[in-house]
> 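Sharing a structure here in structure tokens format.
Letters A, B, ... are given to chains in the order of the sequence lines, protein chains preceding strands, and every chain is numbered from 1.
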There are 2 protein chains.
Amino acid sequence: MYPVDSASLFAGLAASDKAAFMRHARTRRLTRGELLFAHGDPVTSLYLITCGSVQLFRTTHEGQQKTIALVKAGQPLCEDEIMDACHGRRTSGVAVEDSELLEFPVARVKEMARENGTFALNLLSLVAARLHLAEVEAEHQAAMSAAQLVACFLQRMCVLYDFNQAGFELPYSKTLIASRLGMEVKTFSRTIAKLKDHGISVEGNHVAILDLKAVGKYVCSACSVAGSCNTHQAMEIKTAH
Amino acid sequence: MYPVDSASLFAGLAASDKAAFMRHARTRRLTRGELLFAHGDPVTSLYLITCGSVQLFRTTHEGQQKTIALVKAGQPLCEDEIMDACHGRRTSGVAVEDSELLEFPVARVKEMARENGTFALNLLSLVAARLHLAEVEAEHQAAMSAAQLVACFLQRMCVLYDFNQAGFELPYSKTLIASRLGMEVKTFSRTIAKLKDHGISVEGNHVAILDLKAVGKYVCSACSVAGSCNTHQAMEIKTAH
DNA sequence: CGACACTTTGAAGACGATCAACGCCGGTGG
DNA sequence: CCACCGGCGTTGATCGTCTTCAAAGTGTCG
């Protein structure tokens, strides 16, 4: 269970305001694979994952499904959709594993944002951060090879999930990760083999990042002016305003 | 000159509040090609373009430059950067043509958002809309061929710039548009030829969209559940909350 | 044990990027 | 006035990368 109070959404809020807001929360429990909402559904709620993780995805006309995001415990869900409720969900949301989340009615969230400037700015920070992330992601997709994408992703995951670089287990299936990276499973599979030569070993679900320099050399203009993709580390962590 | 008062940023604001905010505005005039800010610069201001247009881009290590966005008169600039001033500009901004814009200090904007709930929600709407746009864009890049991208772009431009479908002039150079679409000029050039067969004729800077159905058949799951990319039209127009 | 989802691998194919060369135009300077 | 240059746009040929098709191995769970 994730400590809800420390969510960046509530940073800087008075305990009383937080408590008042929390009274509108409902707890939702999902089992592995259960649908939280579907593409096109009306946007009625904002969520905060307290346990587990959720996959956001879209299904293309051919039935293929593209993963937009993997959201883990402690992170909010759909904070970017609350402002245009009229257009319906932009993605489908499904529990990757047994999960638990807090559900806040959109109307309450807007009300809170309208009345509490700090909360509004927190919300703005979150959405802005996601936008930045989306831009970086887009640039990566365009500029980097499959191998670079995978290396970059593994390294970021390592930081974000607080894993030990020297050895950790993949928290998601390879199929899911491949979809998240926008590539075919086959390509992902092939790519993994090549990574051995670049300081990253993957065997089954076990990953070991042996040579960090090899990863770091993939420079990316979106991440910093002249730095390396190691600065990704800061990207998802920062939320303060 | 664009009517500033009708900017979506100020929707629903009391005239007095708007006026108070506007007092902090400074007018900036840029000549064609002039730099507004560079990648990495501290984020000091939010802009509102009153006249002309601005290119946002990043320069990669090899010196190539990728266009992130083309912002035209009436639209705000950098509304997504104001919340993490510490990280510096994420893009460089340059005037595509002689332009004029209003400049608001970041501190004032934050202050306004903190005190005025409506303004805060307007800001949130803007950033959320941009995020949505970025996601759709990413999906397009991944799912559509070069020809589809160009067709889609031309059609959207037609709506966004209020052009006549039957015949209009490109407002930007082909080089710039190609960069905006994330493709090489050469590819863009070749693609244009192919479009003739699909109901879009381009000769020099003159474009005519003859067969709309041809364009419309490029369906895209990001835009609507089962609709066509014609719904792009709604995308950039909506900003209300 | 058998169904089925997940993963790996080989071979062929499609697409866009890259290399290279050329025509076009506006500006500059001799 | 003309020769030169740089930016822009077009076109042909080639190349690398990722997807697709096809097939088979691995694992889990009923």
> State plainly whether the residues A/Arg180 and A/Glu137 are in salt-bridge range, i.e. N to O under 4.0 Å.
yes
> Among pairs that include at least one residue of residues 187-196 of chain B, which meet salt bridge (charged side-chain N to carboxylate O under 4.0 Å, His left out), considering only residues two or more places apart or in two chains?
none
> Between atom CZ in B/Arg32 and atom P in D/dG7, what is the gap in whole Å?
13 Å
> With the threshold set at 4.0 Å, does a side-chain nitrogen-carboxylate oxygen contact exist between A/Arg89 and A/Glu81?
yes
> Could B/Arg29 and B/Glu100 be called an ion pair, given the rule that one side-chain N must be under 4.0 Å from one carboxylate O?
yes
> Got a sec, which residues hit side-chain contact (heavy atoms from CB on, under 4.5 Å) with A/Glu103, two or more places apart in sequence or on another chain?
A/Arg26, A/Arg28, A/Ser45, A/Tyr47
> In whole Å, I'd like the distance from the CD1 atom of B/Ile177 to the C1' atom of D/dC8.
13 Å
> Could you walk me through whether B/Gln65 and B/Ser179 pass the side chain to side chain donor-acceptor pair (under 3.5 Å) test, one step at a time?
CA-CA 8 Å; B/Gln65 95 185 21; B/Ser179 164; 6.0 Å; no
> Earliest and latest nucleotide of DNA chain C, 5' to 3', sitting under 4.0 Å from a non-hydrogen atom of chain A?
C/dC6 to C/dA11
> Which parts of nucleotides 13-21 of chain D does protein reach within less than 4.0 Å, heavy atoms only, written one letter per nucleotide 5' to 3' as B for base, S for sugar-phosphate only and - for none?
B----SBBB
> List the steps, then state whether salt bridge (Lys or Arg N to Asp or Glu O under 4.0 Å) holds for B/Lys66 with A/Glu139.
CA-CA 9 Å; B/Lys66 160 106 175 36; A/Glu139 176 145 344; over 6 Å; no
> Parallel, tilted or perpendicular, judged at 30° and 60°: which one describes the rings of A/Tyr172 and A/Tyr161?
perpendicular
> For the helix from C/dC1-D/dG30 to C/dG30-D/dC1, what angle separates the axis at the start from the axis at the finish, each from five pairs, in steps of 10°?
30°
> Could you give all pairs that pass the salt bridge (charged side-chain N to carboxylate O under 4.0 Å, His left out) test and reach residues 158-175 of chain A, with sequence neighbours left out?
none
> Do the side chain of B/Thr31 and the main chain of B/Glu34 share a donor and acceptor less than 3.5 angstrom apart?
no
